[in-house]
Amino acid sequence: YFELYNLLSFAITQFLNNNSIFFFVNVAPKHFLFLIILLGGINTSVSSELQHWQQAKINWQSEAGSHINILADEQPAFMALKPYIPLFEKLTGISVGFHPLEQSQMRIRRHQDLSEGLGLYDVHPMGITFLGEAQSNGWIEPLAPYLENPLITDKSWYQLEDISERSLALCRINGALYSLPFDFSAPIYFYRKDLFTRFNLKVPDTYAELLKTKVALQRAIDTDPQLKGMHAFASRTLPGAGLNTWTILPIMRAYGAQVINEHGESEFDSPETEDALKMYRNLVTGYGTPDNSRLLHFYELRNQFKQGKLASAFLASHFYNEIDTAEESDIWNKWEAAPLPAGPVARETSPWAWAFTINAHSNNKTAAWLFIQWATSEQTASLLSTGGSPPRKKVWQEKLFTLVNKPGFNNAMLWVFDHATPDRLQAGMVEFPVIGKVISYTFSQIFYGADIKESIKTTHTKINVDMKQLTSNRAVQQ
């Protein structure tokens with residue numbers, strides 16, 4: 001049986017890769033008929049799997065023989081897509097190089113490829129924080145010409161209207177679409193429901209309540225030797241545009257603060273900013289947080305919650321798919337989630353869509369478009385639903401809400417779909433990579449003990465200086 005297992009594994013791999021299977025001449029006669037029957041079933045299965053995409057009234061094989069390279073992030077949504085790429089290759093005859101990198105390395109590689117016009121990757125992963133810079137410099141293709149071309153897009157089949165408008169808004173600049181989302185998330189509050197029930201704690205509805213809950217929860221944890229090493233709460237602290245900014249900007253907005261106004265001027269120096277940053281600092285440092293909380297990457301926060309070392313945290317909503325089965329996590333049936341707490345002014349979050357965009361220097365743009373259309377289609381979204389958080393409403397309504405089966409989480413996702421809006425700075429502003437980095441390092445310094453008022457004043461001045469310089473640089477370039 002071990003011999004047969006190895007033969008089957010090899011045969012299936014060769015078959016799916018459209019390689020020769022003449023190796024059967026060396027297969028023992030007792031196995032030959034079984035293998036032929038099995039592969040016949042695989043052929044039917046693969047053809048059946050392709051049927052949904054083949055319903056589109058386009059010629060998927062129009063770019064057969066071409067090759068495209070895809071840059072990707074190593075986070076789960078992208079990695080969930082990887083095993084299905086052979087289906088796209090079989091559907092289209094296009095070969096694909098899929099290159100996932102750790103997020104910070106991906107951002108460096110993406111900027112180098114696009115800014116230098118290298119054309120190494122035909123398709124790039126894109127988020128709203130980099131979209132403005134990429135679009136303003138002409139590094140990426142507007143997608144309307146591809147969407148409106150009936151030879152390569154069947155709009156009635158693709159159903160763009162099924163994609164959440166909140167996620168599509170993160171893919172547009174001045175109303176024009178430059179990327180298409182395939183994973184949609186926002187920071188929400190994950191917590192250990194079993195511990196909250198056991199210690200008679202209610203889910204905090206405001207940031208002030210959360211701070212009290214953190215202390216009370218840690219005190220309760222400390223009374224149980226079996227929970228030794230567990231901490232009550234953590235959230236992002238590491239500096240970098242798109243890192244700690246992702247969870248700090250929502251609390252600033254909840255307190256009525258903003259970084260930049262509609263005229264491009266800093267409003268960072270305000271009592272609201274001070275109150276918000278003081279609250280966030282108290283949440284992510286001190287009693288109830290991990291000793292090295294200032295150094296934890298968000299991947300480490302996820303792992304700590306997954307391993308039962310964190311009792312609550314602000315984490316991306318798509319994290320649910322890493323902890324929703326017993327095979328993935330020991331706490332799979334012990335967690336719940338809620339929207340981020342409210343501040344004195346509002347309840348906010350930071351919606352994020354991982355999307356795909358076409359490199360303006362690609363030599364295979366039509367093939368790149370076919371990949372994006374396939375990767376963001378309803379059928380592919382359904383396949384990825386256990387590894388990502390699709391932006392397609394139908395997949396959530398018909399599958400995911402029932403599959404996850406956690407009322408609090410489901411309500412949090414409904415809130416995200418209906419109410420989540422990005423901060424102005426994170427809504428495609430060309431200046432975000434520069435200004436985002438400036439404020440993120442200020443946040444980090446505050447967590448290490450820097451005076452909040454002085455830090456805010458210094459940063460306020462620097463934002464205005466940098467904004468004027470960036471505006472001047474763009475004027476010269478034009």
Side-chain angles (χ1 to χ4, degrees), residues 72-81 100 102-104 106-107 125-130 164 166-167 170-171 181-192 233-238 240-251 280 283-284 293 296-307 310 312-324 328-329 331-332 335-341 347-355 381 384-392 395-396 400 404 406 408-417 419-423 426 436 440:
D73 191 314
E74 283 185 340
Q75 63 106 330
F78 290 95
M79 301 313 293
L81 182 65
E102 184 276 325
Q103 189 170 116
S104 61
M106 178 277 290
R107 291 175 187 268
M126 188 59 61
I128 186 63
T129 55
F130 185 62
S164 161
R166 299 286 178 180
S167 63
L170 302 172
C171 299
F182 84 106
D183 184 71
F184 180 55
S185 65
I188 60 175
Y189 180 62
F190 282 84
Y191 65 95
R192 285 284 298 273
F233 177 78
S235 185
R236 295 187 181 205
T237 54
L238 277 184
L243 292 178
N244 60 21
T245 56
W246 201 50
T247 47
I248 297 175
L249 290 177
I251 191 172
Y280 195 89
L283 285 170
V284 298
S293 62
L296 292 176
H297 193 279
F298 66 82
Y299 286 130
E300 295 173 288
L301 296 181
R302 291 182 181 192
N303 285 333
Q304 288 205 9
F305 189 85
K306 188 175 182 178
Q307 295 165 7
L310 265 181
S312 67
F314 292 165
L315 299 168
S317 56
H318 61 199
F319 175 61
Y320 79 89
N321 58 57
E322 296 182 45
I323 52 172
D324 60 343
E328 293 171 312
S329 174
I331 56 106
W332 71 279
W335 65 271
E336 251 290 8
L340 291 188
R347 188 188 308 276
E348 301 286 356
T349 189
S350 286
W352 178 269
W354 275 118
L384 302 181
S385 60
T386 56
S389 181
R392 285 192 170 268
V395 173
W396 277 95
L400 286 180
V404 179
K406 293 185 184 295
F409 173 80
N410 290 350
N411 287 334
M413 286 307 301
L414 287 170
W415 181 81
V416 168
F417 274 112
H419 300 289
T421 57
D423 182 86
Q426 291 182 302
S440 78

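If you're wondering where the values come from, they're calculated on a predicted model, not measured in any experiment. Sequential numbering from 1 along the given sequence is applied to the chain's residues.
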| said: Between Phe298 and Leu243, does the side chain to side chain contact (heavy atoms under 4.5 Å, CB included) criterion hold? Intermediate values first, please. | reply: CA-CA 8 Å; Phe298 66 82; Leu243 292 178; 3.9 Å; yes
May I ask you to test the [X]-[Y] pair for a side-chain heavy-atom distance under 4.5 Å?
| X | Y | answer |
| --- | --- | --- |
| Gln75 | Phe319 | no |
| Ser317 | Met413 | yes |
| His297 | Gln103 | no |
| Glu348 | Thr421 | yes |
| Trp415 | Ile188 | no |
| Leu310 | Phe190 | no |
| Leu170 | Pro181 | no |
| Tyr280 | Ser235 | yes |

| request: List the steps and the verdict of side chain to side chain contact (heavy atoms under 4.5 Å, CB included) for Arg192 and Ile331. | output: CA-CA 8 Å; Arg192 285 284 298 273; Ile331 56 106; 3.5 Å; yes
Verify, without hydrogens or angle tests, whether [X] (side chain) and [Y] (backbone) share a donor-acceptor contact under 3.5 angstrom.
| X | Y | answer |
| --- | --- | --- |
| Ser312 | Tyr191 | no |
| Arg236 | Gly242 | yes |
| Asp324 | Val404 | no |

| Would Arg107 and Thr129 satisfy side chain to side chain contact (heavy atoms under 4.5 Å, CB included), going step by step from the backbone distance to the final call? | CA-CA 11 Å; Arg107 291 175 187 268; Thr129 55; 4.1 Å; yes
Give, for atom [atom1] of [X] and atom [atom2] of [Y], the distance between the pair rounded to the nearest 0.5 Å.
| X | Y | atom1 | atom2 | value |
| --- | --- | --- | --- | --- |
| Ile248 | Asp423 | CD1 | CG | 12.0 Å |
| Arg392 | Leu400 | CZ | CG | 13.5 Å |
| Ile323 | Glu328 | CD1 | CD | 9.0 Å |
| Asn410 | Glu336 | CG | CD | 8.0 Å |
| Leu238 | Thr245 | CG | OG1 | 11.5 Å |
| Asn244 | Leu249 | CG | CG | 8.5 Å |

What are the two closest non-hydrogen atoms of [X] and [Y], and how far apart are they?
| X | Y | value |
| --- | --- | --- |
| Thr349 | Ala420 | CG2-CB, 3.6 Å |
| Arg347 | Leu340 | NH1-O, 3.0 Å |
| Met106 | Pro125 | SD-CG, 3.6 Å |
| Arg302 | Ala316 | NH2-CB, 3.7 Å |
| Ser350 | Gln426 | OG-OE1, 3.4 Å |

| said: Ring-plane angle category for Trp396 and Phe409, please: parallel below 30°, perpendicular beyond 60°, tilted otherwise. | reply: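 Ring orientation of Trp396 relative to Phe409: tilted.
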| Under 30°, 30 to 60°, or over 60°: which ring-plane class applies to Phe233 and Tyr189, parallel, tilted or perpendicular? |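 Plane angle between 30° and 60°, so tilted.
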| query | Per the ring-ring contact (aromatic ring centres under 6.0 Å, His included) rule, which among Trp354, Trp352, Phe417 passes with Phe184? | reply |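 Result: among Trp354, Trp352, Phe417, Phe417 is the only option passing the ring-ring contact (aromatic ring centres under 6.0 Å, His included) with Phe184.
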| query | In a check of side-chain contact (heavy atoms from CB on, under 4.5 Å) between Asp183 and each of Ser389, Ser167, Pro76, which one passes? | reply |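 Output: one option passes, namely Ser389.
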| Residues in ring pair (Phe, Tyr, Trp, His ring centres under 6.0 Å) with Phe182, at least two apart? |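 Phe78, Phe356.
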